[in-house]
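The structure appears right after this line, and notes come after that.
Quick note: numbers below take in every heavy atom, side chains included, and nothing from hydrogens, waters or symmetry partners. Note that the coordinates shown come from a computational prediction; the quantities given were computed from them, not determined experimentally. By convention in this document, chain letters (A, B, ...) are assigned in the order of the sequence lines, proteins followed by strands, and residues within each chain are numbered from 1.
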Amino acid sequence: MSKALPKRSENYSEWYNELVKRADLAEHSAVKGCMVIKPYGFAIWEKMQRALDDMFKATGHQNAYFPLFVPKSFLEKEEEHAEGFAKECAVVTHYRLKANPDGKGLIVDPDAKLEEELIVRPTSEAVIWNTYKGWIQSWRDLPLLINQWANVVRWEMRTRIFLRTAEFLWQEGHTAHATSEEAIEETEKMLGVYATFAEEWMAMPVLKGVKTPSERFAGAVDTYCIEALMQDGKALQSGTSHFLGQNFAKSFDVKFVNKENQTEFPWATSWGVSTRLMGALIMAHSDDNGLVLPPRLAPIQVVIVPIYRNEEDLAKISERANPIIEKLKSLGVSVKYDFDDKFKPGYKFAEYELRGVPVRLAIGMRDLENGTVEVARRDTLSKETLALDGIEDKIVALLDEIQTNIYQKALKFREENTFRVDTWEEFQEQIEKGGFILAHWNGTDDTEEKIKAETKATIRCIPIGAAEESGTCVYSGEPSQKRVVFARSY
RNA sequence: CGGGGCGUGGCUCAGCCUGGUAGAGCGCUCGAUUUGGGAUCGAGAGGUCGGAUGUUCGAAUCAUCUCGCCCCGACCA
């Protein structure tokens with residue numbers, strides 16, 4: 001195993017793949033397009049889940065679980081939805097194997113063909129709305145605010161670990177409301193939850209916006225999204241929230257009786273974030289030395305490395321370190337004390353850097369004599385020697401500072417890589433260099449498509465709350481009232 | 001679906017062209033010395049060379065077929 005990671009500047013995707021492997025986050029499985037998320041990677045995902053789940057609960061949602069399999073007839077019901085997902089569906093056609101009569105192994109039993117094929121869920125609107133038919137009768141049943149944590153399968157032609165895998169983990173919220181306004185409010189509220197999570201937990205600034213019709217979720221009236229900028233200048237859609245109108249209610253014949261005793265179709269939303277966020281987290285902050293984790297999502301926030309020559313030294317160091325560890329734990333900090341003598345300190349330093357542990361403390365005999373400790377921070381790679389007395393409070397403050405610093409750094413990067421562009425020449429030139437491009441667009445699918453064909457850039461979103469501004473479309477020269485965000489994306 | 005690459009101890013790979021029955025580094029086990037930025041030495045363990053068929057006295061090596069994974073592109077709610 002080579003020691004150094006590939007450089008981001010030389011080969012970004014190789015750097016990414018190696019980092020995922022070397023930081024012990026995940027590996028490719030024996031199954032094409034699928035990944036094995038390793039304990040360290042899963043620990044980060046669990047912290048994301050916990051934070052998000054708390055936010056969902058705080059906004060009134062409850063968790064539930066729906067089946068992995070979607071009968072084909074369900075999926076067909078909402079036409080646009082069905083069309084959108086059709087070409088990436090895994091299909092179960094049989095329910096039994098049997099011994100191969102012509103030799104070894106097993107074969108699909110031709111006598112065990114399913115009456116109706118089952119689709120492995122690419123998303124759950126169909127099963128869920130089929131279920132909601134039984135749950136919703138009266139306005140009193142609304143709003144219905146449900147979330148599920150699940151796996152889904154989308155048979156992608158080309159996969160990339162965490163960013164696009166055939167199977168991935170996610171959460172999907174599915175809500176039903178009495179009015180359109182309420183459903184739109186929910187859609188926007190959950191987008192806000194995602195943005196808050198991205199910024200406050202992942203330390204990753206995001207743009208909130210609305211997708212153009214061509215980028216919209218199949219079956220939605222409107223798709224809202226958060227878009228983040230990765231260090232290589234490409235955009236990553238990090239979360240989506242959909243206003244589904246009455247499309248699914250109508251397709252699945254879900255109705256409720258309002259206060260005036262009239263029958264109406266409820267209004268729906270759905271919203272999700274996935275293990276793709278792991279990819280976002282990696283690409284937003286990490287450097288050529290490895291992962292850089294924001295303290296709020298780091299499975300290990302502080303690692304303490306004792307530097308010792310023999311058992312007696314270690315005992316003395318441990319005696320001084322243990323109360324610090326206890327104090328830190330009581331302050332809610334996750335600490336690892338790595339006294340393993342299998343590796344030397346230098347190895348450990350490099351290893352924890354690779355894994356993105358925000359703060360490292362090194363304590364040796366010299367420190368015991370001087371009453372000091374060496375404190376190293378991952379985000380800046382700087383080290384300083386501080387007094388052991390009262391170190392706990394300083395570390396808590398340092399973790400906050402690191403969280404803020406990582407966010408500020410990412411924000412600065414995004415600001416420096418966001419460009420207002422007004423001419424087509426400038427657009428073509430800038431798109432090659434990467435970053436977000438704010439440009440005028442005439443609002444047509446045709447223009448959007450041509451720009452994509454010529455430059456590989458897509459409209460990431462129409463930003464929410466952007467100022468109205470008269471201008472001319474960067475491609476067609478036609479009038480436009482608003483700038484939209486273009487980028488090449490993952 | 002096109003183009004490329006790869007499949008040999010746990011990992012990374014050499015050996016293949018020019019067939020002669022398997023090697024290195026890392027890791028692992030044991031021991032000793034080490035420990036403030038990826039330690040050193042010594043002794044060990046570990047492989048039906050992705051699979052099948054064929055050619056041959058003999059196949060990791062040649063031929064045919066096949067399976068799988070990765071990368072690039074097309075595609076991508």
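- Here A/Glu14 pairs with A/Pro6, A/Asn11 under the side chain to side chain contact (heavy atoms under 4.5 Å, CB included) rule; sequence neighbours left out.
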Please produce a list of atom pairs where a protein N or O lies less than 3.5 Å from an N or O of nucleotides 27-32 of chain B.
{"unit_1": "B/rC28", "atom_1": "OP1", "unit_2": "A/Lys342", "atom_2": "NZ", "d": "3.2"}

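- One donor-acceptor pair, N or O on each side, does fall under 3.5 Å between the base of B/rG37 and the side chain of A/Arg360.
- Between A/Phe248 and A/Tyr132, the gap from one ring centroid to the other reaches at least 6.0 Å.
- When heavy atoms are screened at a 4.0 angstrom cut-off, A/Thr223 is found touching no nucleic acid atom at all.
- Taking the ring centre of A/Tyr40 as origin, the terminal cationic atom of A/Arg355 falls inside the region bounded by 6.0 Å and 45° from the ring axis.
- Across the C1' atoms, B/rU34 and B/rG20 are found 46 Å apart, a figure rounded to whole Å.
- Rounded to whole Å, the C1' atom of B/rC26 lies 33 Å from the corresponding atom of B/rC62.
- Considering only residues two or more places apart in sequence or on other chains, A/Phe343 meets the ring-ring contact (aromatic ring centres under 6.0 Å, His included) condition with A/Tyr347.
- If A/Lys21 and A/Ile307 are placed on RNA chain B by their nearest nucleotide, the residue sitting closer to the 5' end is A/Lys21.
- Taking atom P in both B/rU33 and B/rG23, one finds a spacing of 34 Å when rounded to whole Å.
- The residue among A/Lys348 and A/Glu215 whose nearest nucleotide of RNA chain B lies closer to the 5′ end is A/Lys348.
- In this structure, A/Ala362 reaches the bases: a heavy-atom distance under 4.0 Å links it to at least one base atom across the strands shown.
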For A/Arg378 and A/Asp287, what are the C-alpha separation, side-chain angles and deciding distance, and is it a salt bridge (Lys or Arg N to Asp or Glu O under 4.0 Å)?
-> CA-CA 10 Å; A/Arg378 178 63 185 90; A/Asp287 61 24; 2.7 Å; yes
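- Between A/His61 and A/Trp271, the distance separating the two ring centers is shorter than 6.0 angstrom.
- Taking the C1' atoms as reference points, B/rC69 lies 37 Å from B/rC30, given to the whole Å.
- Within the 4.0 angstrom heavy-atom criterion, base atoms lie near A/Asp367.
- Using a 4.0 Å heavy-atom criterion, one finds that A/Glu125 contacts no nucleic acid atom at all.
- The gap from the C1' atom of B/rA39 to that of B/rG68 amounts to 40 Å, rounded to the nearest Å.
- Screening residues 158-168 of chain A for side-chain hydrogen bond (donor to acceptor under 3.5 Å, both in side chains), with sequence neighbours left out, gives A/Asn151-A/Glu167.
- Contacts between residues 373-387 of chain A and RNA chain B, defined by a heavy-atom separation under 4.0 Å, are made by A/Glu374, A/Lys383.
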Name every donor-acceptor pair, under 3.5 Å, that has one atom in a side chain of residues 212-222 of chain A and the other anywhere in the protein, sequence neighbours excluded.
{"unit_1": "A/Thr212", "atom_1": "OG1", "unit_2": "A/Ser214", "atom_2": "OG", "d": "3.4"}
{"unit_1": "A/Thr212", "atom_1": "OG1", "unit_2": "A/Glu448", "atom_2": "OE1", "d": "3.4"}
{"unit_1": "A/Thr212", "atom_1": "OG1", "unit_2": "A/Glu448", "atom_2": "OE2", "d": "2.5"}
{"unit_1": "A/Ser214", "atom_1": "OG", "unit_2": "A/Glu448", "atom_2": "OE1", "d": "3.1"}
{"unit_1": "A/Ser214", "atom_1": "OG", "unit_2": "A/Glu448", "atom_2": "OE2", "d": "3.0"}
{"unit_1": "A/Arg216", "atom_1": "NE", "unit_2": "A/Val221", "atom_2": "O", "d": "3.0"}

Short heteroatom pairs, N/O only, protein and nucleotides 74-76 of chain B, under 3.5 Å:
{"unit_1": "B/rC76", "atom_1": "O2", "unit_2": "A/Arg164", "atom_2": "NE", "d": "2.8"}
{"unit_1": "B/rC76", "atom_1": "O2", "unit_2": "A/Arg164", "atom_2": "NH1", "d": "2.9"}
{"unit_1": "B/rC76", "atom_1": "O2", "unit_2": "A/Arg164", "atom_2": "NH2", "d": "2.8"}

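- For A/Glu188, the side chain to side chain contact (heavy atoms under 4.5 Å, CB included) partners are A/Ile184, A/Tyr224, not counting sequence neighbours.
- Neither OP1 nor OP2 of B/rC69 sits under 4.0 Å from any side-chain N or O of A/His28.
- Under the Watson-Crick or G-U wobble criterion, with both distances below 3.5 Å, B/rC1 is paired with B/rG73.
- In this view, A/Glu392 satisfies the side chain to side chain donor-acceptor pair (under 3.5 Å) rule with no residue, not counting sequence neighbours.
- A/Trp267 and A/Phe243 have parallel rings, their planes meeting at less than 30° on a 0 to 90° scale where 60° marks the start of perpendicular.
- Partners of A/Ser73 under the side chain to side chain contact (heavy atoms under 4.5 Å, CB included) rule, at least two apart in sequence or in another chain, are A/Pro71, A/Glu76, A/Glu116.
- Using cut-offs of 30° and 60° for the angle between ring planes, the A/Trp15 and A/Tyr12 rings count as tilted.
- The separation of B/rC13 from B/rU8, taken at their P atoms, amounts to 9 Å, rounded to a whole angstrom.
- Between A/Phe66 and A/His174, the gap from one ring centroid to the other reaches at least 6.0 Å.
- Taking the side chain to side chain donor-acceptor pair (under 3.5 Å) definition, one finds that A/Glu429 meets it with nothing, sequence neighbours left out.
- The stretch residues 31-42 of chain A touches RNA chain B through A/Val31, A/Lys32, A/Gly33, each having a heavy atom within less than 4.0 Å of the strand.
- We find that CG of A/Asp340 is positioned 17 Å from P of B/rG38, with the value rounded to whole Å.
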